[in-house]
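In what follows, chains are A, B, ... by sequence order, proteins preceding strands, each numbered from 1.
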Amino acid sequence: DAGITQSPRHKVTETGTPVTLRCHQTENHRYMYWYRQDPGHGLRLIHYSYGVKDTDKGEVSDGYSVSRSKTEDFLLTLESATSSQTSVYFCAISDSPSTDTQYFGPGTRLTVL
Amino acid sequence: KQEVTQIPAALSVPEGENLVLNCSFTDSAIYNLQWFRQDPGKGLTSLLLIQSSQREQTSGRLNASLDKSSGRSTLYIAASQPGDSATYLCAVGSDDYKLSFGAGTTVTVRA
């Protein structure tokens with residue numbers, strides 16, 4: 001299995017509080033991604049990174065920000081959590097998206113009350 | 001925007017039967033198509049990756065075909081086993097290095 005860890009694995013928080021999820025890789029892959037998975041929607045891309053300090057928005061980026069100060073870490077921040085952000089969040093990595101698969105982390109289940 | 005559809009949403013078969021899972025996509029300008037497996041409460045595991053120049057890819061009992069011109073891919077699983085029970089996700093890679101996912105087909109193989 002690719003070396004990807006996500007922390008925390010489970011989190012319950014209150015509406016309006018900030019939340020940061022961490023993705024850590026040991027594979028030295030250039031590309032990192034944050035997805036959310038909701039019933040009936042499949043996986044939807046939130047943000048992705050194509051290098052240190054290089055990030056771009058996905059299809060559902062509103063309410064989320066990201067940072068990547070080191071190759072191995074990609075942080076996802078919910079500045080002010082809302083109930084609509086209750087979801088399972090997956091991090092993925094890839095070395096070359098055009099020829100290589102994406103490797104997924106175990107996921108973080110976030111509940112916003 | 002790339003739209004990916006998987007039909008059926010759920011499938012139940014007896015052990016030993018062959019499985020046929022379908023995936024369709026709207027924009028044929030892709031660089032690859034991937035099939036993933038997801039077990040309940042787990043992350044995704046890559047099964048097969050087909051480059052846009054390829055017509056099919058095989059791994060053990062799994063075979064995936066790609067018809068880019070018609071926007072379709074099919075995943076075949078031969079001689080299904082209860083351990084094949086999972087959700088199977090199709091994902092299409094587009095020119096901007098992102099994957100667009102279908103909602104998945106949940107497979108149950110009855111012993």
Side-chain angles (χ1 to χ4, degrees), chain A residues 1-7 9-10 21 23-25 27 29-51 54-61 66 87-110, chain B residues 1-10 21 23-27 29-54 57 59 62 64 68 73 75 86-106:
Chain A
D1 290 346
I4 311 170
T5 57
Q6 293 185 231
S7 58
R9 294 292 314 280
H10 302 272
L21 308 182
C23 177
H24 179 78
Q25 62 149 325
E27 305 297 321
H29 282 356
R30 178 182 174 189
Y31 293 82
M32 298 186 75
Y33 306 82
W34 276 109
Y35 294 91
R36 60 178 289 173
Q37 185 175 36
D38 305 288
H41 287 279
L43 273 80
R44 293 180 290 174
L45 182 65
I46 305 171
H47 282 279
Y48 69 103
S49 169
Y50 48 95
D54 293 323
T55 65
D56 204 352
K57 297 179 180 180
E59 64 176 299
V60 290
S61 58
V66 290
S87 186
V88 180
Y89 291 85
F90 287 100
C91 173
I93 65 174
S94 177
D95 199 30
S96 175
S98 61
T99 58
D100 191 22
T101 189
Q102 290 186 16
Y103 300 93
F104 282 77
T108 294
R109 183 172 295 276
L110 176 68
Chain B
K1 180 189 172 208
Q2 181 74 266
E3 301 286 346
V4 182
T5 303
Q6 291 186 248
I7 295 173
L21 307 180
C23 172
S24 62
F25 48 96
T26 54
D27 186 349
I30 67 171
Y31 57 82
N32 64 37
L33 183 142
Q34 304 182 42
W35 284 93
F36 292 88
R37 170 184 172 136
Q38 186 176 29
D39 293 294
K42 304 290 186 183
L44 279 68
T45 300
S46 178
L47 297 174
L48 292 167
L49 182 152
I50 311 174
Q51 299 293 352
S52 62
S53 59
Q54 297 177 313
Q57 193 67 250
S59 176
L62 277 60
K68 208 169 65 165
S73 176
L75 177 66
T87 297
Y88 292 84
L89 296 157
C90 169
V92 176
S94 57
D95 288 340
D96 50 358
Y97 300 109
K98 292 181 264 189
L99 287 179
S100 299
F101 282 83
T105 295
T106 298

- [ ] Using non-hydrogen atoms and a 4.5 Å limit, figure out which bit of A/Thr99 sits close to chain B: side chain, backbone, both or neither.
- [x] both
Task: Carboxylate-amine/guanidinium contact B/Lys98 A/Glu59, below 4.0 Å - done: no
Open item on the list: For A/Leu43 versus B/Leu89, what's the shortest heavy-atom pair and its separation?
Closed with: CD1-CD1, 4.1 Å
Open item on the list: Give me the atom names and distance for the closest heavy-atom approach of B/Ser46 to A/Thr101.
Closed with: OG-OG1, 3.1 Å
Task: From B/Leu49 atom CG to A/Asp100 atom CG, the distance as rounded to the nearest 0.5 Å - done: 7.5 Å
Open item on the list: Is the shortest side-chain heavy-atom distance between B/Leu99 and A/Tyr35 below 4.5 Å?
Closed with: yes
Open item on the list: Looking at chain A, which one of B/Gly41, B/Gly43, B/Ala9 has the largest number of heavy-atom pairs inside 4.5 Å, strictly under?
Closed with: B/Gly43
TODO: Answer with side chain, backbone, both or neither: which region of B/Leu44 has an atom nearer than 4.5 Å to a non-hydrogen atom of chain A?
DONE: both
Task: chain A contact via B/Gln6 - side chain, backbone, both or neither, heavy atoms under 4.5 Å - done: neither
Task: A/Arg44 atom CZ, over 12 foreign heavy atoms within 6.0 Å - done: yes
- [ ] Quick one: closest heavy-atom pair of A/Phe90 and B/Lys42, and the distance?
- [x] CZ-O, 3.6 Å
Task: Side-chain H-bond candidate by donor/acceptor type, A/Gln102 with B/Gln34, under 3.5 Å - done: no
